[in-house]
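Only one structure is covered here, and it is reproduced in the block below.
Reminder, nothing fancy here: chain letters follow the sequence lines and each chain counts from 1. The structure displayed is predicted, hence computed values, not measured ones.
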Number of protein chains: 2
Amino acid sequence: MDQKVYEMHAEICKIFTSPKRLEIIDNLREGERSVSQLSESLKTSQSNVSQHLAILREKGVIAPRKEGSTTYYRIANPKILDACRLMREVLFERLEKDRKIAESAAKR
Amino acid sequence: MDQKVYEMHAEICKIFTSPKRLEIIDNLREGERSVSQLSESLKTSQSNVSQHLAILREKGVIAPRKEGSTTYYRIANPKILDACRLMREVLFERLEKDRKIAESAAKR
DNA sequence: TTTATATATTAGAATATTATAATATCCTTA
DNA sequence: TAAGGATATTATAATATTCTAATATATAAA
């Protein structure tokens, strides 16, 4: 496999390495949201939310719709939601496993 | 959703943000490999490969098997492979889309 | 027990990412 | 067209990541 593919693959996976971007994605699961709605919901500055939205937009995860001076964003690629959910499952399985290990250690 | 969950989720997704880790995962798809085999295959220093293996090991992606002085690693969590493949698909769809856009632009 | 081989760990330099602050742009309405 | 609200962009400080070089550890062979 070409080196370049690994680089691009790694690049696209950076979508998920910011808690705020994950939270934005989660918010947009339920439907369109404006920048200020997201800013409020995440309790994060408008500037920072816009930066994260720009990253998600450039990577093709979300798409904007302008209505007057308001920009609404929506999920543009549902496949990404599947990947996101799968990794969430991996996390939860891992947490469950750790919990069981701790439980059996406590018994002894 | 709890803030902490987003942080852990982002943390686990960092598995995929290094081209070398992706290449290691791809190599291990075919079966067990030793550190030196991987080092040679990736054309990367033993030290650096060991560092990446440590990260993958800590995140539960791979598991070691020692045989004498050699350590063989294998995939420990197949679900992670699914997530990895899904993101690769997302990448390829994106490349295909960009290609089509370039093509139709060239026609004009 | 010395030497060689395989892997792991650590320190540090180079680079990348994230958040904040300041500012710019764009749209609406008075 | 001036003012205000919504969003985007830019510079920068703080932090995190990655690689290299050096060293440590552990096993095997001589």
Could you check whether any side-chain N or O of A:R21 sits under 3.5 Å from a backbone N or O of A:I15, counting only pairs where one atom can act as donor and the other as acceptor? yes
So, does B:N48 use its side chain to make a donor-acceptor pair with the main chain of B:T44 at under 3.5 Å? no
In terms of heavy-atom contacts, B:S39 and B:S45 come closest through OG-C, 3.8 Å
Classify the nucleic acid contact of [X] as base, sugar-phosphate or nothing, counting any heavy atom under 4.0 Å across all strands shown.
X: B:Y72; value: nothing
X: A:S50; value: base
X: A:S36; value: sugar-phosphate
X: B:K66; value: nothing

For [N], does OP1 or OP2 lie under 4.0 Å from any side-chain N or O of [X]?
X: B:H52; N: D:dT17; answer: no
X: A:K20; N: C:dA19; answer: yes
X: A:K14; N: C:dA16; answer: no
X: B:Y73; N: C:dA6; answer: no

Just compare [options] and give me whichever is closest to any side-chain atom of [X].
X: B:S47; options: C:dA6, C:dA22, D:dT20; answer: D:dT20
X: B:N48; options: C:dA16, D:dC19, D:dT18; answer: D:dC19
X: B:R57; options: D:dA16, C:dT9, C:dT18; answer: C:dT9
X: B:T71; options: C:dT7, C:dT17, C:dA21; answer: C:dT7
X: A:S69; options: D:dA8, C:dC27, C:dA8; answer: C:dC27
X: B:V35; options: C:dA8, D:dT20, C:dA6; answer: C:dA8

Between atom [atom1] in [X] and atom [atom2] in [N], what is the gap in whole Å?
X: B:E58; N: C:dT9; atom1: CD; atom2: P; value: 8 Å
X: B:I15; N: D:dT17; atom1: CD1; atom2: C1'; value: 15 Å
X: B:E11; N: D:dA16; atom1: CD; atom2: P; value: 10 Å
X: A:E23; N: C:dT18; atom1: CD; atom2: P; value: 15 Å
X: A:K43; N: C:dT20; atom1: NZ; atom2: P; value: 15 Å
X: B:Q46; N: D:dA24; atom1: CD; atom2: P; value: 15 Å
X: B:I55; N: D:dA16; atom1: CD1; atom2: P; value: 14 Å
X: A:R65; N: D:dT7; atom1: CZ; atom2: C1'; value: 15 Å

Return yes if the base of C:dT7 and the side-chain atoms of B:Q51 contain a donor-acceptor N/O pair under 3.5 Å, otherwise no. no
Judged by modelled atom types alone, do [X] and [Y] share a side-chain donor-acceptor pair under 3.5 Å?
X: A:Y73; Y: A:R57; answer: yes
X: A:S47; Y: A:Q51; answer: no
X: A:E40; Y: A:S36; answer: no

Nearest nucleotide by nearest heavy atom, which residue falls closer to the 5' end of DNA chain C, A:S45 or A:E67? A:S45
